[in-house]
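First up is the structure itself, then whatever we jot down about it.
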Amino acid sequence: MFKVIGERINTSRKKVQEAVANRNAEYIIKDVHQQVEAGADYIDVNAGARIGHETEDMKWLIDTIQPNVSLPLCLDSPDPAVLEMAFQMVEKSPMINSISLEKERYDAMMPFLEGKKCEVIALCMDDKGMPSSADDILARAVSLVEKLGKIGFLPESIYIDPLVQPISTDSNKGVMVLDAARAIKNRYPSVHITGGLSNISYGLPQRRIINRTFVALMMDAGMDSAIIDPLDKKIMATLRTADMLLGQDQFFMNYLKGVRSGTIES
Ligand code: THG
């Protein structure tokens with residue numbers, strides 16, 4: 001079944017940033033409850049936007065969210081020190097978002113991750129920057145899976161993020177990441193594929209129709225998780241329907257549940 005990582009607790013969102021700055025726990029808890037109700041499987045927590053405050057903001061967010069939700073958290077930071085601190089705080093095995101092949105980040109993350117019991121999102125990013133072809137994405141994914149394997153991560157604990165890039169800059173960027181997802185899935189059937197989707201539509205009008213069409217295509221290519229807004233009913237309806245059509249929803253249970261609750265309509 002497709003896993004939804006709810007993206008809303010992110011200080012790059014204006015309302016969340018305000019709530020975090022004012023230590024408005026009520027706002028954060030209400031938002032998290034809405035994401036849970038809408039069908040999130042993980043709650044992403046990103047405190048990166050208030051420069052100089054990430055550590056204390058992340059700490060406050062975890063203290064605020066953890067007692068109020070039974071879902072695992074997806075700890076979202078490029079800073080290994082923030083991730084280590086957050087990891088110590090969580091009671092339920094989290095998802096670490098993320099590790100990459102960028103040397104500084106990689107060198108700090110690998111010793112910390114060794115032997116840990118958690119899931120990890122691995123970005124196909126290295127010191128040369130974003131990947132430039134499907135083969136490039138695959139090569140980076142292989143490197144990440146092999147390296148994580150050596151420190152004890154099973155394929156089923158690894159979520160590869162192939163890094164979706166704007167199609168407005170190059171009309172091939174959609175096919176590139178679709179081909180890469182297929183190649184990764186072909187090589188490692190148990191490795192998961194995840195990522196943010198909204199980059200695909202950057203620079204174009206009516207972005208949400210692009211994002212939700214893209215998620216259906218990506219699911220056919222092997223994507224089985226994404227970092228999205230679960231309160232976006234249309235993308236949720238699309239991915240539940242695609243999951244069902246791809247044979248991933250036994251007895252149409254989630255599809256029918258969505259119809260009954262009113263989140264899926266024609
Ligand atoms: N891969 C991984 N992690 C990620 C990303 C990714 N974490 C962060 C990000 N990308 C996914 N999270 C969000 C959270 C909020 C928003 C978008 C992505 C968001 N965007 C508003 C919009 O699209 O309208 C703009 C912000 C605003 O409200 O001003 O809300 O790719 N591994």
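Since the model is a prediction, treat every value here as computed from it, not as a measurement. Both ligands and their constituent atoms are indexed starting at 1 by order of listing.
- Annotation: cation-pi geometry satisfied between Lys147 and Tyr106 (NZ/CZ under 6.0 angstrom from ring centroid, within 45° of ring axis).
- Among Asp44, Leu75, Ile5, the one residue that satisfies the side chain to side chain contact (heavy atoms under 4.5 Å, CB included) test with Ile121 is Ile5.
- Without hydrogens or angle criteria, Arg207 side chain to Ser198 main chain gives a donor-acceptor distance under 3.5 Å.
- Residues of the protein with a heavy atom under 4.0 Å from ligand 1 are Glu7, Asn10, Ser12, Arg13, Asp76, Asn97, Ile121, Leu123, Asp161, Gly196, Ile227, listed by chain and number.
- A heavy-atom distance below 4.5 Å is not found between the side chains of Lys116 and Ile151.
- Distance alone, capped at 3.5 Å, places no donor-acceptor pair between the Gln248 side chain and the Phe2 backbone.
- Remark: the backbone N or O of Val164 is paired with a side-chain donor or acceptor of Asn199 at under 3.5 angstrom.
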